[in-house]
Undergrad: 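Please see the structure below; I have some questions.
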Amino acid sequence: MAAKKSVKRGGKGKGYKASSTKLTNKRTSKLAKQGKLKPKKKKKGWGELNQQSEIQNHHRVNGRDESVPEEESDLSDQDLDFYGTPGTASSFISDAKFGSLSKETVSKGKKRKKNIDEGEEENYEQKPRKLFAKEENIKSLLPIKTSHGVIPQMTQIKQEEPEIKEEMIEKSETATPEKQEELPTLTNIELYANRQEKLRARKTRIAALASSLIENPEENIKKLKELRSYVTECDPDMFLTVRKLAMISMMEVFKDIIPGYRIRLPTEAEKAAKLKKETKKIRDFEETFLLNYKKYLEFLEMTCKGKLVEDKDNRFGKSGAELRPSPAASQSLSVLAAKCLCEILKAHPHFNYRNNIITVLVPHMNKGNKEVRDIVCDTVREIFRSDKSGEVSLEIVKSISRMVKIREFKVKREVLDSFLSLKIKQVDYDGDLVKQDGKTRKEMMKKMSRRERKKKKKMELLEHELLETRASEDKNKKIKMHTEIVQTIFHTYFRVLKSLHQSSLLSAVLEGLARFAHLINVDFFEDLFNVFNNLIDSGNLGYRESLHCIKTAFVILMGQGEVLNIDPMRFYTHLYNSILSVHAGVSSDDTSLVLDCVECMLGRRRRQISQQRVLAFIKRICTLSLQQDGHCCVALLAVLRSFVVNFKSSELLFDNETQGSGMFLPELPHPEHSNAHNTMLWEITLLKNHYHPVVRQFAAHLGKMAPTSGEGQLPVDLLRRDPKQFLQDFKPTEIFFGIEFPKKMFHKKEIF
């Protein structure tokens, strides 16, 4: 049994496994029989190792231990020469293992025992290497590890490196100016020719872009950005000309392609939703168009303020250092920018950023630059005349009122004079129209049957839906807008009257009140008349302000003020004393104002005026006609003729016999006490010799007491004209004596 078990253990059965030691011995004996086994080398004793370490410490500065024999190293001669040089191939040495440089490496089959020196090696690697170099000119190198410890290595730093760097820096500094080539000097003619060539290229490109945008804006909308880039041209030779051309071109493009509706930008939810291809294309077009339109308006705003807008990608100088236009050039750019804004506002007052344009333009109505001020004021007046709905006019009026309040009424007269161009005929302060419509609707609904009421509601709903598609504006909405406009204007006027009695705006305020007197609320009548009386008694008013004050008072009395118990005698007296201040030596333009006052006080109140007052005013008007130009004299004589025809008591002024007691006293301030019935219209005799033919014709007609037929009758064309029309028809600046000047004729000399 025992024999069987030994056989099992020693045989090559299933569970047999030979040990590694046995296999190694077999391999060694086999190599020894073949003669391939190398003889073992003798190990050195402790004495030899101590001597070797002393020699290595003595020569460690040279960078390598010379006492180590070449036979103990696995490296070749070339490798020893390469790694023997201090400081070379440090990156490779740092990655290599220190044990690979000596013969004392462990064989592959055996496990390497952990040496105590490995801990010292790790500590050495963690320490900074500069600790080994105490002097500044010594540099530490990677150490060499042996079986007895770590051998540090050092080398001296060569002093030639900084000199090389300095030489390289000097060469680089001297080499940079050599790369810049000097530009050739050009004559003035060559410079002008180059400028013209570049300008011609810019013009061609701007024209091509503008034409393509106008032709098909949906497809070529991306070209709008390129066209806008020319607005910020930064070439010092021609940036003024190119900017002006681009500004005008973009203005014309926008005037042509701006849609007839306001563009609403989509919300975040609408952007996330899926759209059709056509809808997405339209939305992209609107977003791109609105973005470029906004940036263009921002550029015009900055240019209007006199600031030079610069392009971020300016290749001609940083921050526009070379762009230094003269004050005249900057002013011309500001004027052109204001024109562009005004043209866009006039052409499309319904489009986006309308309020922003108004906010930019309104302050320029009070600027010192007269050219810009006139352009903006003319634009505002034109918008007031053409605005049918009243929305744009309301925004402009509110902006002007806000500016006047902020500046504490220190504005120019033209600002308030622009209100006179508003065409407002009807207002509704109490909302009577809306109330009336509501009452009538309720009454109608009560009289209707149930079926008729149901049908009526459906029709009203349908009309409400169709109201948005109508081209005409809603009447009630228009009246509401006009009411708010008038309230804002009167709020500004009353504030000036209350606080500033000696302001230069007083004349404009009084003129505005006279213009809109028929729209003043009844609640303000009593306060207004008290203010007018105080102004007249103060004596600080000029003749023009006095005439406006009188006209406003009588326009109020002719309208809703008829129910008021107010004696206008003070206004008659003031007009009688101030009417002679209007003469040709001062200004003939105020003659129309005199005609309005006389018509309000005498023509429309003929039944409420006394005989003495009528005769005094007829005499004063006849005297005033001697101090006027030809066209003004004709207008006054036309008014005088209407008084002579309408007032039968005027026959006393054509009789040389005295009627009653007293003598005519024209210097008295009260017209009723001047005894005008004891005088004659002797001025008519002088006017018969006037230089103007129409004046002579009127004087001859009045000399015969204005007959309607027979001898001395006026032509029909003169009888049918309004007195104010004579001021325009016979104005000497346009025509002379009602006859146009013939054009200059050129006759060839006849050669005999």
Side-chain angles (χ1 to χ4, degrees), residues 397 400-405 407-420 422 424 427 429-430 483-579 581-582 590 593-594 596-601 604-605 608 669-671:
V397 168
I400 292 175
S401 178
R402 197 181 306 114
M403 182 188 69
V404 172
K405 183 179 179 181
R407 296 182 180 273
E408 298 179 351
F409 308 101
K410 296 178 182 179
V411 297
K412 298 190 180 295
R413 178 190 171 92
E414 290 87 345
V415 178
L416 297 183
D417 285 343
S418 61
F419 292 154
L420 303 177
L422 288 165
I424 301 176
V427 294
Y429 292 109
D430 301 327
T483 304
E484 193 171 353
I485 290 171
V486 171
Q487 288 177 346
T488 306
I489 292 174
F490 286 157
H491 185 67
T492 304
Y493 285 166
F494 295 158
R495 192 179 298 166
V496 175
L497 288 175
K498 184 178 179 180
S499 57
L500 303 172
H501 294 297
Q502 297 181 354
S503 174
S504 59
L505 300 176
L506 188 60
S507 176
V509 170
L510 293 173
E511 187 174 357
L513 288 173
R515 173 70 174 79
F516 303 108
H518 63 288
L519 303 174
I520 300 176
N521 197 354
V522 183
D523 300 336
F524 301 113
F525 284 172
E526 187 175 356
D527 296 333
L528 273 177
F529 274 96
N530 293 332
V531 172
F532 291 158
N533 291 329
N534 295 332
L535 290 174
I536 291 173
D537 294 339
S538 64
N540 297 326
L541 298 179
Y543 75 91
R544 186 179 180 85
E545 290 82 359
S546 301
L547 294 176
H548 285 304
C549 186
I550 294 167
K551 180 182 176 181
T552 304
F554 279 94
V555 170
I556 292 173
L557 291 175
M558 286 190 304
Q560 302 176 10
E562 291 180 353
V563 297
L564 300 177
N565 187 14
I566 297 175
D567 184 15
M569 182 61 195
R570 180 177 296 180
F571 298 101
Y572 279 104
T573 303
H574 194 66
L575 178 63
Y576 183 79
N577 295 324
S578 61
I579 196 173
S581 301
V582 183
D590 297 328
L593 189 56
V594 174
D596 292 337
C597 293
V598 172
E599 179 65 21
C600 294
M601 299 173 69
R604 300 181 184 180
R605 295 173 61 89
Q608 303 174 10
H670 300 284

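Atom set for the values below is all heavy atoms of this structure, side chains included, hydrogens, waters and symmetry mates excluded.
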Undergrad: Of all the heavy-atom pairs spanning Phe419 and Ile400, show the shortest one and how long it is.
TA: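 Heavy-atom minimum between the residues: CZ-CG2, 3.6 Å.
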
Undergrad: Shortest non-hydrogen contact from Leu420 to Gly512?
TA: CD2-CA, 3.6 Å

Undergrad: I'd like to check the side-chain hydrogen bond (donor to acceptor under 3.5 Å, both in side chains) partners of Thr552; sequence neighbours left out, ordered by chain and number.
TA: none

Undergrad: Find the distance between CG (Leu528) and CD1 (Ile520) and round it off to the nearest 0.5 Å.
TA: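 So the gap between those two atoms works out to 5.0 Å.
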
Undergrad: I'd like to check the side-chain contact (heavy atoms from CB on, under 4.5 Å) partners of Arg570; sequence neighbours left out, ordered by chain and number.
TA: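 Listed in chain order: Asn533, Asp537.
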
Undergrad: Heavy atoms only: give me the nearest Phe490-Leu519 pair and the separation to one decimal.
TA: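 Looks like CE1-O, 3.7 Å.
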
Undergrad: To the nearest 0.5 Å, what is the distance between CZ on Phe516 and CD on Glu511?
TA: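 The CZ atom of Phe516 sits 10.0 Å away from the CD atom of Glu511.
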
Undergrad: Closest heavy-atom contact between Met403 and Val415?
TA: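 Minimum heavy-atom contact is CE-CG1, 3.8 Å.
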
Undergrad: Of all the heavy-atom pairs spanning Leu510 and Leu497, show the shortest one and how long it is.
TA: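 Nearest heavy atoms, Leu510 then Leu497: CD2-CD2, 4.2 Å.
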
Undergrad: Using the salt bridge (charged side-chain N to carboxylate O under 4.0 Å, His left out) criterion, which residues pair with Asp417? Sequence neighbours excluded.
TA: Arg413

Undergrad: Can you name the nearest heavy-atom pair linking Pro671 to Met569, along with the distance?
TA: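 Smallest interatomic distance, heavy atoms only, reads CD-CE, 4.4 Å.
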
Undergrad: Could you check if a side-chain atom of Leu557 sits within less than 4.5 angstrom of a side-chain atom of Arg605, using non-hydrogen atoms only?
TA: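 Yes, close enough: below the 4.5 Å cut-off.
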
Undergrad: What pairs with His670 under side-chain contact (heavy atoms from CB on, under 4.5 Å), at least two apart in sequence or on another chain?
TA: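 Testing His670 for side-chain contact (heavy atoms from CB on, under 4.5 Å), a comparison that skips the adjacent residues, returns Thr573, His673.
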
Undergrad: Could you go through the side chain to side chain contact (heavy atoms under 4.5 Å, CB included) check for Leu513 and His548 one step at a time?
TA: CA-CA 8 Å; Leu513 288 173; His548 285 304; over 6 Å; no

Undergrad: Could you go step by step and tell me if Val531 and Phe494 meet the side chain to side chain contact (heavy atoms under 4.5 Å, CB included) rule?
TA: CA-CA 10 Å; Val531 172; Phe494 295 158; over 6 Å; no

Undergrad: Between the side chain of Tyr572 and the main-chain N/O of Met601, is any donor-acceptor distance below 3.5 Å?
TA: yes

Undergrad: When rounded to the nearest 0.5 angstrom, what is the spacing between OG1 in Thr488 and OH in Tyr493?
TA: 11.5 Å

Undergrad: Taking atom CG of Asp596 and atom CD1 of Ile550, what is their separation to the nearest 0.5 Å?
TA: 12.5 Å

Undergrad: Which residues pass the side-chain contact (heavy atoms from CB on, under 4.5 Å) test with Ile579, sequence neighbours left out?
TA: Val594, Val598, Arg620, Leu624

Undergrad: Roughly how far apart are Cys549 SG and Phe529 CZ, rounded to 0.5 Å?
TA: 9.0 Å

Undergrad: At what distance, to the nearest 0.5 angstrom, does CG of Leu593 lie from CG of Leu547?
TA: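 It comes to 4.5 Å.
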
Undergrad: Please list, chain by chain and in numerical order, all residues satisfying side-chain contact (heavy atoms from CB on, under 4.5 Å) with Asp590, sequence neighbours excluded.
TA: Tyr543, Arg544, Val582, Ser587

